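Comments concern the structure below.
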Amino acid sequence: MPDTNTDGRILQLAAGFGHGAGVVLATEDALLTALETYEDNVRRLEDWETNALHAIEFSRVLGSLSATHALVNGRAVIDVEDVQYALSVVRANERTPLGLCRITAPLHRS
């Protein structure tokens, strides 16, 4: 995988989130909540090539859980509460079944 700059990394995570969310739209605030979750860690991460696929998978799962939460609650648009719910699930399951991700590991401690 070629080295990417920070903006490229953020776009890869956004693509993963969108892939997980499917055709469900998201509010700007919801997307900013998801971005803020990763942004600082992505900027500091030195070994993107080693961690990229795992980080993108977490982002995809975050999008999928956010979309599912919105739909179960009768909404066709992901909002902040949906992303927050998804983050709680990702944090609770960071070691299983997805395994440890250096991008999201600090989230578990917050």
Side-chain angles (χ1 to χ4, degrees):
M1 175 178 294
D3 191 28
T4 58
N5 62 26
T6 302
D7 290 339
R9 294 172 185 185
I10 296 294
L11 290 172
Q12 289 290 336
L13 294 172
F17 184 93
H19 181 261
V23 299
V24 179
L25 298 175
T27 66
E28 184 175 334
D29 287 341
L31 294 172
L32 288 172
T33 299
L35 171 62
E36 289 167 359
T37 301
Y38 289 98
E39 190 171 23
D40 287 342
N41 292 322
V42 168
R43 291 188 190 288
R44 289 192 306 260
L45 187 67
E46 295 175 11
D47 193 9
W48 177 249
E49 292 77 22
T50 301
N51 295 286
L53 293 178
H54 210 145
I56 292 166
E57 178 63 8
F58 267 85
S59 185
R60 186 196 64 75
V61 169
L62 191 64
S64 179
L65 289 168
S66 297
T68 300
H69 189 263
L71 293 170
V72 164
N73 287 285
R75 291 178 280 106
V77 176
I78 296 169
D79 209 343
V80 172
E81 67 189 75
D82 305 310
V83 174
Q84 290 171 336
Y85 166 79
L87 283 169
S88 72
V89 173
V90 169
R91 287 178 183 136
N93 291 285
E94 76 170 333
R95 299 191 192 288
T96 57
L98 298 174
L100 181 64
C101 174
R102 285 177 48 200
I103 298 278
T104 57
L107 299 176
H108 189 65
R109 293 183 219 115
S110 59

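The shown structure was predicted, so the numbers you read here are calculated from the model rather than taken from an experiment.
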### Message
The test is side chain to side chain contact (heavy atoms under 4.5 Å, CB included); show your working for Val77 and Thr27 and say whether it passes.
### Response
CA-CA 7 Å; Val77 176; Thr27 66; 3.7 Å; yes
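- Between Arg75 and Leu71 the shortest side-chain heavy-atom distance does not fall below 4.5 Å.
- Here the shortest heavy-atom pairing between Asp79 and Ala30 reads C-CB, 3.5 Å.
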List the atom pairs, donor and acceptor, that lie under 3.5 Å between side-chain atoms in residues 14-21 and the rest of the protein, sequence neighbours left out.
none

### Message
Could you walk me through whether Leu53 and Glu57 satisfy the side chain to side chain contact (heavy atoms under 4.5 Å, CB included) test, starting with their C-alpha distance in whole Å, then the side-chain angles of each, then the deciding distance to 0.1 Å, before giving a yes or no?
### Response
CA-CA 6 Å; Leu53 293 178; Glu57 178 63 8; over 6 Å; no
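- Between Leu62 and Val90, the shortest heavy-atom distance links the atoms CD1-CG2, 4.2 Å.
- Between Ala76 and Val24 the shortest heavy-atom distance is O-CG1, 3.3 Å.
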### Task
Determine, stepwise, if the pair Ile56 / Arg60 fulfils side chain to side chain contact (heavy atoms under 4.5 Å, CB included).
CA-CA 6 Å; Ile56 292 166; Arg60 186 196 64 75; 5.5 Å; no
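- We find the CG-CD distance between Leu31 and Glu36 to be 11.0 Å, quoted to the nearest 0.5 Å.
- A distance of 11.0 Å separates OG1 in Thr33 from CD in Glu81, rounded to the nearest 0.5 Å.
- When atom types are taken as modelled, the side chain of Asn5 and the backbone of Gly8 share a donor-acceptor pair closer than 3.5 angstrom.
- Here ring pair (Phe, Tyr, Trp, His ring centres under 6.0 Å) pairs that include residues 70-93, with residues two or more places apart or in two chains, are His69-Tyr85.
- Considering CG of Leu35 and CG of Leu13, their distance stands at 8.5 Å, rounded to 0.5 Å.
- Contact of the Leu25 side chain with the Ile78 side chain is not registered, since no non-hydrogen atoms from C-beta on lie closer than 4.5 Å.
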